[in-house]
Amino acid sequence: MGHRTGDRYIVSEEDRAAFGRDGHVHLRDVLTPVEVDNIESVYEMFMRGEIDVPGKDLSDMVTGEYGTDPSHYAIFNVMLPRRYHPDWQGNIFEQIGLSIAEQLCGEGMTLDFDQLLAKQPGRTDAVFAWHQDQAYWINTDDRRTATCWLAVDDSTLENGCMQFLPGSHRESVRPHRPISGNREDQHTLVTDLRPDDVLVPVEIRRGDITVHNEGVLHGSGGNTSTNNWRRAYITAFRSIETVRQERALGFTHSHNDAQDVLAQVDGLLVTE
Ligand SMILES: O=C(O)CCC(=O)C(=O)O
């Protein structure tokens, strides 16, 4: 079993092998209860609107709506929270995430972007469409990725936990299409499942994380619970060279990136 020693989490050989084989892995007790409490208090500031997040970087991930009262959003999405709350930069989840990324992917990893995704209780429509992350990103030579997905609440099938298609990272990236037909209105991409695809739901406890790579197919269902939010805090680590190439194109993972940049980047999306 992996374990914490001070400010590091030591990944077990078994978990490293699972990440290579499946494209995702579940790591338990990565943050302590106190560390998650501290993260939760900042998370709540975002949700109460006490931290200003401009434009599309605060949106409903399901509809693309932004700039309105977020209390009715099915999936409350904040892109780049560390940009809008600089005190978060270098926090314990970032530190531990980087060390996990290097243990899973090798040296030369860096934080690419962070994100909050909170599914409102009782929202069957809080569905995160099936996708492979690489379909959202530009094509680079060194695509190593470790996306660390922290459960701020227990994440269950009922409230819409992550589901993965193990081993799908060994396929090439499947064709994806904008879910609404127009990426200016709605950022989300979707790919079709095949009849023999068997998705595996991964239920995890508060303080646990899943880590997934750029190629594994994943998504999540709605939140059918009556009272339980499903809040996640995500830090995505990629190779230093990939992040350098992204920034050179003006690609920051902000949904406010200029449309011409998005268009340019869309031209580089991997579709096959
Ligand atoms: O939180 C979810 O349900 C989906 C998140 C996701 O797709 C990701 O972190 O890559």
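These numbers were taken from a predicted model, which means no experiment stands behind them. The residues of the chain are indexed from 1 along the displayed sequence. Note that ligands are numbered from 1 as they come in the structure, with each ligand's atoms numbered from 1 the same way. Any value given below was found using the heavy atoms of this structure, including those in side chains, with hydrogens, waters and symmetry copies removed.
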> Would you call the rings of Trp88 and Phe46 parallel, tilted or perpendicular, where under 30° means parallel and over 60° means perpendicular?
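Ring orientation, 0 to 90° scale: tilted.
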> For a distance cut-off of 3.5 Å, show me each N or O of ligand 1 paired with any protein N or O, plus the separation.
unit_1: ligand 1; atom_1: 1 (O); unit_2: Trp149; atom_2: NE1; d: 3.0
unit_1: ligand 1; atom_1: 1 (O); unit_2: Arg230; atom_2: NH1; d: 3.3
unit_1: ligand 1; atom_1: 1 (O); unit_2: Arg230; atom_2: NH2; d: 2.9
unit_1: ligand 1; atom_1: 3 (O); unit_2: Ser220; atom_2: OG; d: 2.5
unit_1: ligand 1; atom_1: 3 (O); unit_2: Arg230; atom_2: NH1; d: 2.9
unit_1: ligand 1; atom_1: 7 (O); unit_2: His131; atom_2: NE2; d: 3.1
unit_1: ligand 1; atom_1: 7 (O); unit_2: His218; atom_2: NE2; d: 3.0
unit_1: ligand 1; atom_1: 10 (O); unit_2: Asp133; atom_2: OD1; d: 3.2
unit_1: ligand 1; atom_1: 10 (O); unit_2: Asp133; atom_2: OD2; d: 3.2
unit_1: ligand 1; atom_1: 10 (O); unit_2: His212; atom_2: NE2; d: 3.0
unit_1: ligand 1; atom_1: 10 (O); unit_2: His218; atom_2: NE2; d: 3.0

> Can you see whether Ser225 engages Asn159 through a side-chain donor-acceptor pair at a distance of less than 3.5 angstrom?
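No pair is found: no donor N or O on one side chain lies under 3.5 Å from an acceptor on the other.
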> List the residues meeting side chain to side chain donor-acceptor pair (under 3.5 Å) with Asp141, not counting sequence neighbours, and say none if there are none.
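Side chain to side chain donor-acceptor pair (under 3.5 Å) check on Asp141 returns nothing, list empty.
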> Give me the one residue out of His169, His26, His218 that meets ring-ring contact (aromatic ring centres under 6.0 Å, His included) with Phe164.
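So the option named by the test is His218.
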> How are the rings of His131 and Phe128 set to each other: parallel, tilted or perpendicular (split at 30° and 60°)?
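Taking Phe128 first and then His131, their aromatic rings sit tilted (interplane angle of 30° to 60°).
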> For Phe113 and Trp137, take the angle between the two ring planes, folded into 0 to 90°, and tell me which bin it lands in: parallel under 30, tilted 30 to 60, perpendicular over 60.
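The arrangement is perpendicular - the two ring planes meet at more than 60°.
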